[in-house]
Amino acid sequence: MSYCKVIPAVARVKPAHLFGARLRSTAAASTQHKELKSDDAPLDPSCAVVEKPCEVDLISRKAHTERQRISIDFDNTQEAYKSKDTLELLRSLLVFKLCTFDFLVDKNKELMDLSKKVFGQRLFEKLMKMTFYGQFVAGEDQNTIKPLIEKNQAFGVGSVLDYSVEEDLTQEEAEKKEMDSCVSEAEKESHGMDHREKKYKAHRQFGDRRGGVISARTYFYADEAKCDHHMETFINCIKASGDSVDGFSAIKMTALGRPQFLLQFSEVLVKWRRFFNLLAAHQGKDGMAILEQKLELEQLQDSLIKLGVGAKSDIENWFTGEKLGSSGSYELSVCPKSGHLEPLLSKFTDEEEKQMKRMLQRMDVLAKHAVENGVRLMVDAEQTYFQPAISRLTLEMQRIFNREKPNIFNTYQCYLREAYDNVSVDVELSRREGWYFGAKLVRGAYMCQERSRAAEIGYEDPINPDYEATNRMYHKCLEYILEEINHNRMANVMVASHNEDTVKFTLEKMNETSLSPTENKVYFGQLLGMCDQISFPLGQAGFPVYKYVPYGPVNEVIPYLSRRAQENRGFMKGSQRERSLLWKELKRRLFSGQLLYKPAY
Ligand SMILES: Cc1cc2nc3c(=O)[nH]c(=O)nc-3n(C[C@H](O)[C@H](O)[C@H](O)COP(=O)(O)OP(=O)(O)OC[C@H]3O[C@@H](n4cnc5c(N)ncnc54)[C@H](O)[C@@H]3O)c2cc1C
């Protein structure tokens with residue numbers, strides 16, 4: 001049987017404490033920012049095919065009692081490509097066609113390097129701007145991207161700015177950086193006797209976290225100055241997003257500090273949750289949904305005494321009724337086999353402690369900038385060995401900054417077996433504590449890497465068994481949040497997906513609950529250059545929809561372009577559909593004499 005000890009000395013691992021009182025004082029600042037006006041959203045009813053001809057009803061929640069169903073025709077290419085001239089359509093077709101050649105996709109980096117040498121830098125840049133760069137990247141900097149952002153906005157599509165410059169490291173360099181930044185001094189000295197779980201340790205063969213990942217960018221830690229530089233870049237993005245109505249900005253926590261801290265904190269959180277499951281099992285509540293596992297205080301204290309954790313007098317004050325649940329944050333020592341207690345968190349050196357604090361300070365600075373600029377900050381989800389910490393730290397920011405409105409959004413990856421537990425526990429917490437829940441729902445970008453790491457290192461695969469299970473999980477999590485919105489207008493969700501069925505499912509659920517798009521509770525998100533047939537009809541019908549808008553100099557966004565080429569490989573269902581819709585629109589323009597069509601805005 002596991003032998004566990006709980007010690008009520010939380011402060012060392014409790015992020016709220018790490019943020020400190022300074023952070024709390026800023027919450028009031030958010031009240032000064034403009035409230036969303038639901039009636040202001042762009043609306044083009046010609047795009048929405050409404051079953052009963054009264055679409056105004058759905059868009060404004062004013063006088064009517066019975067609202068109309070809305071349905072959007074995602075095959076209407078005229079609406080989908082209304083913002084594109086014919087040259088842009090041809091460029092899209094060319095780019096998606098090039099992605100059907102495996103050789104070009106597999107060797108895209110080598111080919112780009114070769115073209116640079118053959119054509120020279122200037123011609124290479126021109127070629128890229130006419131093709132891949134022009135399709136997937138908005139421009140070089142905050143100024144050059146403005147026309148595209150304004151155009152999209154005019155057609156109802158907002159922007160999440162995403163500075164996409166990436167280091168072009170070799171695999172060896174990436175592995176070295178990872179090993180240097182994920183192994184603590186204590187771990188080095190312990191020579192493998194530190195009782196850390198293998199999942200939460202760095203492994204050289206998976207040190208290059210870019211492997212098998214095509215939808216997401218990867219940051220490697222170099223030093224604190226580099227993290228400061230990333231923070232400055234994010235601040236610039238936030239400021240630029242502040243220029244647009246209702247802006248969002250995305251950040252990645254691995255860009256903001258030494259990942260060793262995320263690994264260690266994730267391990268603590270996971271062990272803590274497991275410990276609660278053990279206590280729940282003692283009360284015959286194992287196998288129950290996590291929200292049902294409410295522990296009886298007296299029984300809990302008895303269990304702890306039986307486990308040898310401490311005397312009754314020690315334990316009595318550790319818990320208050322409302323703190324019971326899986327989100328507590330007590331320091332925990334566990335030793336399932338040897339019979340000795342071991343701390344969950346190995347000691348940090350002074351330097352490591354400083355680094356950890358600076359990471360939290362950077363997040364604090366970003367959150368404040370977001371609030372000051374009226375921009376919502378979306379924290380991306382990453383690998384499962386970092387994600388518990390990322391999610392928890394984001395939640396701590398939400399507790400502080402989401403008191404007046406949803407300024408901070410967390411991300412939930414529905415390919416995870418535990419996704420529903422994660423979503424439901426956090427929603428419950430927001431409800432109990434009275435802050436605005438904000439979530440971006442994705443399927444998840446790291447599947448192949450997660451699976452092979454779990455298989456090779458030897459721990460349970462965290463991913464759902466198959467694609468259908470992930471789809472079910474996505475819809476289950478989404479339904480849960482939509483129900484919450486229905487009961488209590490404090491929850492908010494971004495459906496970040498290119499999957500048309502998921503978008504239709506969301507619309508259907510919004511219809512069922514008469515949730516108006518202009519209430520700005522449900523957002524949609526896609527990447528620039530992908531799935532315009534989803535984004536633009538949604539935008540024109542008044543739904544808040546956003547493109548992740550990457551930008552950066554041509555040479556420095558090549559890794560990003562390389563991933564876009566892979567994500568749009570010819571055999572992908574989404575890419576095939578996009579090509580056929582582009583053809584359809586091209587033919588329509590040809591036969592209706594609109595080949596010279598220019599979008600007016
Ligand atoms: C705006 C936006 C923001 C994003 N932010 C993040 C983020 O912060 N973190 C992140 O991880 N990802 C993020 N993504 C990427 C996202 O997680 C997906 O990888 C990508 O969007 C493809 O999923 P889909 O729903 O669009 O399409 P689909 O093509 O329907 O789904 C593909 C996805 O399904 C899952 N899947 C496929 N096969 C299987 C299988 N056999 N078993 C189990 N699951 C399977 C995988 O997650 C795969 O990526 C973001 C995507 C968008 C559009």
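Order of listing sets the numbers, starting from 1, for every ligand and every atom in it. Residues take their numbers from the sequence shown, with the count starting at 1.
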J.: Using only atom types and a distance under 3.5 Å, with no angle test, would you say the side chain of Thr513 pairs donor to acceptor with the backbone of Lys509?
T.: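 Present.
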J.: Regarding ligand 1, does Gln413 bring an N or O atom to under 3.5 Å of one of the ligand's N or O atoms?
T.: yes
J.: Under 6.0 Å from the NZ atom of Lys239, do we count more than 12 heavy atoms belonging to anything else shown?
T.: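 Count not over threshold, so no.
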J.: Give the atoms of ligand 1, by number and element, whose distance to some non-hydrogen atom of Met447 is under 4.0 Å.
T.: 36 (N), 37 (C), 38 (N), 39 (C), 40 (C), 42 (N), 43 (C), 44 (N), 45 (C)
J.: Within a distance under 4.0 Å of any heavy atom of His498, pick out the atoms of ligand 1 and give their elements.
T.: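 Contacts of ligand 1 toward His498, numbered from 1: 24 (P), 26 (O), 53 (C).
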J.: Between atom CD of Gln398 and atom CG of Leu377, what is the distance when rounded to the nearest 0.5 Å?
T.: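 The CD atom of Gln398 sits 10.5 Å away from the CG atom of Leu377.
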J.: When you look for heavy atoms under 4.0 Å from ligand 1, do you find them on the side chain of Met494, its backbone, both, or neither?
T.: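 Looking at Met494 and ligand 1, no heavy atom falls under 4.0 Å.
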J.: Report, in ascending order of atom number, the atoms of ligand 1 lying under 4.0 Å from any heavy atom of Asn464.
T.: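 Matching atoms, with element in brackets: 42 (N), 43 (C).
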J.: Out of the candidates Val160, Ile251, Asn410, only one should pair with Met378 under the side-chain contact (heavy atoms from CB on, under 4.5 Å) rule; please name it.
T.: Val160
J.: What atoms in ligand 1 come closer than 4.0 Å to a heavy atom of Tyr446?
T.: 11 (O)
J.: Mind checking whether Thr470 has an N or O less than 3.5 Å away from an N or O of ligand 1?
T.: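 Thr470 vs ligand 1: N/O contact under 3.5 Å present.
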J.: Could you go step by step and tell me if Phe524 and Tyr546 meet the ring-ring contact (aromatic ring centres under 6.0 Å, His included) rule?
T.: CA-CA 6 Å; Phe524 294 88; Tyr546 290 80; over 10 Å; no
J.: Are Lys198 and Glu456 within salt-bridge range, i.e. N to O under 4.0 Å?
T.: no
J.: What do you reckon, does Ala381 have a nitrogen or oxygen under 3.5 Å from a nitrogen or oxygen of ligand 1?
T.: yes
J.: Could you check, using the six-membered ring where one of them is a Trp, whether Tyr420 and Tyr480 have ring centers closer than 6.0 angstrom?
T.: yes
J.: At a 4.0 Å threshold, what atoms of ligand 1 neighbour a non-hydrogen atom of Asp380?
T.: 8 (O)
J.: At under 4.0 Å between heavy atoms, which part of Tyr415 makes contact with ligand 1: side chain, backbone, both or neither?
T.: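 It is the side chain that touches ligand 1; the backbone stays farther off.
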J.: Only one of Gln526, Lys82, Lys84 passes side chain to side chain donor-acceptor pair (under 3.5 Å) with Asp532; say which it is.
T.: Lys84
J.: What part of Arg451, side chain from CB on, backbone N/CA/C/O, both or neither, has a heavy atom under 4.0 Å from ligand 1?
T.: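 Side chain only.
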J.: In a check of side chain to side chain donor-acceptor pair (under 3.5 Å) between Arg443 and each of Thr470, Asn471, Asn464, which one passes?
T.: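 It is Asn471; the other options fail the test.
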J.: Should you measure from each heavy atom of Ser497, which atoms of ligand 1 turn up under 4.0 Å away?
T.: 24 (P), 25 (O), 26 (O)
J.: Counting heavy atoms only, which part of Glu382 comes closer than 4.0 Å to ligand 1: side chain, backbone, both or neither?
T.: neither
J.: Which of these, Glu500, Arg443, Arg417, has its nearest heavy atom closest to atom 31 (O) of ligand 1?
T.: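 Heavy atom nearest to atom 31 (O) of ligand 1 belongs to Arg443.
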J.: Using a 4.0 Å cut-off to any heavy atom of Gly525, which atoms of ligand 1 qualify?
T.: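 The atoms of ligand 1 under 4.0 Å from a heavy atom of Gly525 are 1 (C), 53 (C).
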J.: Would you indicate which of Ala250, Ala496, Cys414 comes nearest to atom 51 (C) of ligand 1 when only heavy atoms are counted?
T.: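 When every heavy atom of Ala250, Ala496, Cys414 is considered, Ala496 comes closest to atom 51 (C) of ligand 1.
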J.: Taking the six-membered ring where the residue is Trp, are the ring centres of Phe409 and Phe248 under 6.0 Å apart?
T.: yes
J.: For ligand 1 and Ala445, I'd like to know whether there is a polar contact (N/O to N/O, distance under 3.5 Å).
T.: yes
